[in-house]
There are 2 protein chains.
Amino acid sequence: MRLTEQAYLVLLALADEPRHGYGVVQEVRALSGGAVRLGAGTLYGILDRLVSAGYAEGSGEVVVDGRLRRYYRLTPTGHDALTAETARLAALARRADRLLGGVPRPGIA
Amino acid sequence: MRLTEQAYLVLLALADEPRHGYGVVQEVRALSGGAVRLGAGTLYGILDRLVSAGYAEGSGEVVVDGRLRRYYRLTPTGHDALTAETARLAALARRADRLLGGVPRPGIA
DNA sequence: ACGATATATATCGGCGGCCGACCTATCAGC
DNA sequence: GCTGATAGGTCGGCCGCCGATATATATCGT
């Protein structure tokens with residue numbers, strides 16, 4: 001499966017503990033520094049795709065304050081994919097930093 | 001403008017020096033460790049969008065070995081966007097590493 | 001001489017992910 | 001009673017990605 005940045009963030013949001021949909025939205029917003037706000041359509045589309053790919057799975061339902069929470073957790077496969085993608089991102093960021101460090105900003109200072 | 005990963009890589013490929021289309025494809029492949037191979041449709045679509053957004057601009061045409069090369073270069077605005085996006089990526093990679101259990105090295109990395 | 005590969009440009013249509021709009025429902029606060 | 005936050009989900013449109021296709025030149029192997 002192709003990991004887009006949004007899908008990656010959802011995986012990352014599930015890394016430390018199982019979360020329900022709305023919790024994933026909040027965690028992604030926090031992880032991205034407020035930059036990425038998942039809409040409902042985006043979230044459930046990604047969640048379905050992650051489950052289909054075997055990267056995540058349902059982890060029970062709980063009723064809290066009269067509201068249903070549907071939890072999701074990472075599978076081992078999903079954790080591997082997350083680790084690999086994180087390594088790829090880190091390597092890219094390192095390369096980019098090196099490239100930008102050696103080249104001063106052109107034009108108006 | 002929304003910066004996808006492919007568009008980001010194209011910007012990054014233009015960071016150190018102006019390149020022509022085919023050169024960008026090769027540089028992106030190198031920068032991504034062979035993972036990202038831009039097709040023609042992807043490349044010229046991105047290039048047009050970058051120019052429209054004021055992030056890149058044409059930088060002359062040269063004929064080499066009977067083949068036309070159309071060069072592109074970053075604008076100052078594009079360079080700023082690239083720097084900002086790189087910082088965002090680096091921050092995300094750092095957060096992800098910490099979350100996955102990677103112990104941050106004290107002092108020099 | 002011929003075909004395959006690499007270089008170099010560009011267009012086009014399909015696929016699919018993203019996203020906002022919308023719907024239902026409960027609870028807290030004004 | 002209304003609004004906003006919490007919690008679930010569907011749906012249609014927009015648009016970026018990508019392969020296929022077209023055109024053209026230079027090179028290399030057979």
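Here is the naming used below: chain letters follow the sequence lines, and residue numbers restart at 1 for every chain.
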[X] [atom1] to [N] [atom2], straight-line distance once rounded to whole Å:
{"X": "B:Gln6", "N": "D:dG16", "atom1": "CD", "atom2": "P", "result": "12 Å"}
{"X": "B:Glu5", "N": "D:dC18", "atom1": "CD", "atom2": "C1'", "result": "15 Å"}
{"X": "B:Arg37", "N": "D:dC18", "atom1": "CZ", "atom2": "P", "result": "13 Å"}
{"X": "B:Arg49", "N": "D:dC14", "atom1": "CZ", "atom2": "P", "result": "16 Å"}

Check step by step if side-chain contact (heavy atoms from CB on, under 4.5 Å) holds for B:Leu31 and A:Leu99.
CA-CA 10 Å; B:Leu31 282 171; A:Leu99 236 168; 3.7 Å; yes
Within the 4.5 Å heavy-atom criterion, are B:Leu3 and B:Leu11 side-chain neighbours or not? yes
| query | Is the backbone N or O of B:Leu38 less than 3.5 Å from a side-chain atom of B:Thr42, with the two atoms forming a donor-acceptor pair by type? | reply | no
query: Is B:Glu61 salt-bridged to B:Arg69, cutoff N-O under 4.0 Å?
result: no
Ranking A:Ile46 and A:Asp65 by the position along DNA chain C of their nearest nucleotide, the one closer to 5' is A:Ile46
Walking DNA chain C from its 5' end, the first of A:Gly66 and A:Gly39 to be reached, judged by nearest nucleotide, is A:Gly39
In B/S/- notation (B base, S sugar-phosphate only, - none; protein heavy atoms under 4.0 Å), nucleotides 3-13 of chain D written 5' to 3' is --SBSBBBB--
Across all chains, not counting sequence neighbours, the salt bridge (charged side-chain N to carboxylate O under 4.0 Å, His left out) partners of A:Arg95 are none
Residue pairs meeting ring-ring contact (aromatic ring centres under 6.0 Å, His included), one or both in residues 14-65 of chain B, sequence neighbours left out, come to B:His20-B:Tyr71
Residues pairing under side chain to side chain donor-acceptor pair (under 3.5 Å) where one sits in residues 3-12 of chain B, two or more places apart or in two chains, turn out to be A:Arg88-B:Glu5, B:Tyr8-B:Thr86
So the contacted stretch of DNA chain C, first to last nucleotide with an atom under 4.0 Å from a non-hydrogen atom of chain A, runs from C:dG17 to C:dC27
For residues 11-24 of chain A, the salt bridge (charged side-chain N to carboxylate O under 4.0 Å, His left out) pairs (sequence neighbours left out) are A:Asp16-A:Arg19, A:Glu17-A:Arg19, A:Arg19-A:Glu27
